[in-house]
Amino acid sequence: MKNIPVIMIIFGGSGDLAHRKLYPSLFNLYEQGLIHDNFAVIGTARRPWSHEYLREQVSDAIHETHDQVDENEVKAFASHFYYQSHDVTNVEHYVTLKKLAQELDDRYSAQGNCLFYMAMAPRFFGTIATHINDQHLTGSGFNRIVVEKPFGHDLVSAEQLNKEITASFDENDIFRIDHYLGKEMIQNIMPMRFTNPLIKNIWSGEYIKNIQITLAERLGVEARGGYYDTSGALRDMVQNHIFQIITLLAMPEPKDLSSDSVHQAKQELLKSLIIPTPEEVKKNFVRGQYLGSDTTFAYKKEPNVDPDSTTETYVAGKTKFTSGPIAGVPIYFRTGKEFKEKKTRIDIVLKHINNPYGQAHSNNITIEVDPESKIYITINGKKIDEPGIRREDLTYAFSKEEMAKVPDGYERLLHDVFVNDSTNFTHWSELKRYWEFIDAVEDAWQKENEAGNPEIAQYLPYRMGPKEADNIFESPTEHWIYE
Ligand code: BG6
């Protein structure tokens, strides 16, 4: 779909996310003719920038992310950008912003369509939403809002934020963004599950022994210690990215591919998510913090981190559903900073079968999401020149040329917002359920902290995280496939 007229207001226009992701992604859409002449972007932030200065920043952002660009295109694109210095708590500033948005709406014939993007510190989301409502910033056409994560800090704060946003926006117009849902291999989960009889027919507790999800990162918390120490791995990665992956793996087949049907299937599944008791949290969850090395800080010594912090930089856990195609199948997940390597992968471990050869391996289906993108199934066959069984991978992969064409997650998701497709965004009822789960774990940990005996495993940097995570499996025949 081309040429959707819109005025986009980015709260956080001088920030890192806008610079690294939003401006380059918007440019890519512009170059492909997916947004065209009738659009303008207002970047807002506290700094006293000029329109011209923002345009230079936009141009820099494009040059930093593209090897080759047509300078005339960059110039033409940047000319659509305007800057408004804005203090999110100042009523007058919203009045000024509204005036500028209206002027641009006239100039660009944007037909009253408004897109608000919350790309700044999450503590301001509620304030901005309230002012959008009180100072009537919404236009006479469509009004959509994109909200970055984290959406709340727990269920109560998420409910409050949702209330503030729904005062001006319908659920259908709220795009809670999770960049994992824009990743190529995450978008491949549904087609892989539903188009292959080979896979679809074994997608049940009868054949699947367990599912394992690993979101490992090489980097530590870097400059984000202040934010991270109030969040931790569970809120930062499990509440959103890991739960979205789990949902795609466990949901029933949607009746069609419309956004409504996909969300309906997800919601049906999530009703049966088992919320852990404190005893289950103790048994099935491991939290950890990275130690220091000769060249790196221990987590507790990172800038802006409380030296007595109990915040986890690693978490491993287990979950299950009581309904859906894989009801009862244990789903293990882990995520952590300062792992051996950056690696996002999903392993579907199939059950063994009795066979006359004795020791054959199980078949596993692995989806590698980052840094590689591929799916492979381990297959057993005979050895060539000696008795016995050998194991090879059957791989579904992409060529370099194909990979070069894969759009960044943000580009995809921004495009979805323009064309009003919320399939790959988080619905409120899904988010609510994820928070119920996360709150149960956080509450159990909080009680342990208060009792003065929190079990926080310390792990060496750039290895595989705490060894305690090897003990969360239900049976001794289970272990992490990616080691
Ligand atoms: C973000 C988290 O949502 O995802 C970060 O806040 C994390 O802490 C990042 O580093 C990981 O994303 P990706 O795409 O690099 O796996």
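Numbering of ligands and ligand atoms starts at 1, following listing order. Everything numeric here is computed off the predicted structure, so don't read it as measured data. Values below: every heavy atom of this structure, side chains too, minus hydrogens, waters and symmetry copies.
The ligand atoms of ligand 1 that sit less than 4.0 angstrom from a heavy atom of Lys149 are 1 (C), 2 (C), 3 (O), 6 (O). In the vicinity of Lys183, heavy-atom distances shorter than 4.0 Å reach the ligand 1 atoms 13 (P), 14 (O), 16 (O). Near Lys337, the atoms of ligand 1 lying under 4.0 angstrom from a non-hydrogen atom of the residue are 5 (C), 7 (C), 8 (O), 10 (O). Residue Tyr180 approaches ligand 1 through these ligand atoms, each under 4.0 Å from one of its heavy atoms: 12 (O), 13 (P), 14 (O), 16 (O). Under a 4.0 Å criterion applied to the non-hydrogen atoms of His179, ligand 1 contributes the atoms 3 (O), 4 (O), 12 (O), 13 (P), 14 (O).
The heavy atom nearest to atom 13 (P) of ligand 1, out of those in Glu217, Gln239, Lys342, His241, is found in Lys342.
For the pair Lys183 and Tyr180, the cation-pi criterion (under 6.0 Å, within 45° of the ring axis) is fulfilled. A cation-pi contact, defined as under 6.0 Å to the ring centre and within 45° of the axis, is absent between Arg176 and Phe425. Geometrically, Arg47 does not engage Tyr53 in a cation-pi contact defined by less than 6.0 Å to the ring centre and at most 45° from the axis.
The aromatic rings of Tyr410 and His179 lie parallel to each other, their planes meeting at an angle below 30°, with 60° marking the opposite boundary. In this pair, Phe11 and Tyr94 present their aromatic rings tilted. The plane angle is within the 30 to 60° band.
In this structure, the protein non-hydrogen atom closest to atom 8 (O) of ligand 1 is Asp236 OD2, 2.6 Å. Here the heavy atom of the protein found nearest to atom 5 (C) of ligand 1 is Arg224 NH1, 3.3 Å.
Annotation: Tyr376 is not in aromatic contact with Tyr396 [ring centroid separation under 6.0 Å not met].
Put simply, no part of Tyr228 is less than 4.0 Å from ligand 1, judged by heavy atoms.
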Practice item. For the pair Tyr459 and Tyr314, evaluate ring-ring contact (aromatic ring centres under 6.0 Å, His included) and give the outcome as yes or no after the intermediate values. Key: CA-CA 9 Å; Tyr459 62 96; Tyr314 174 99; 5.6 Å; yes
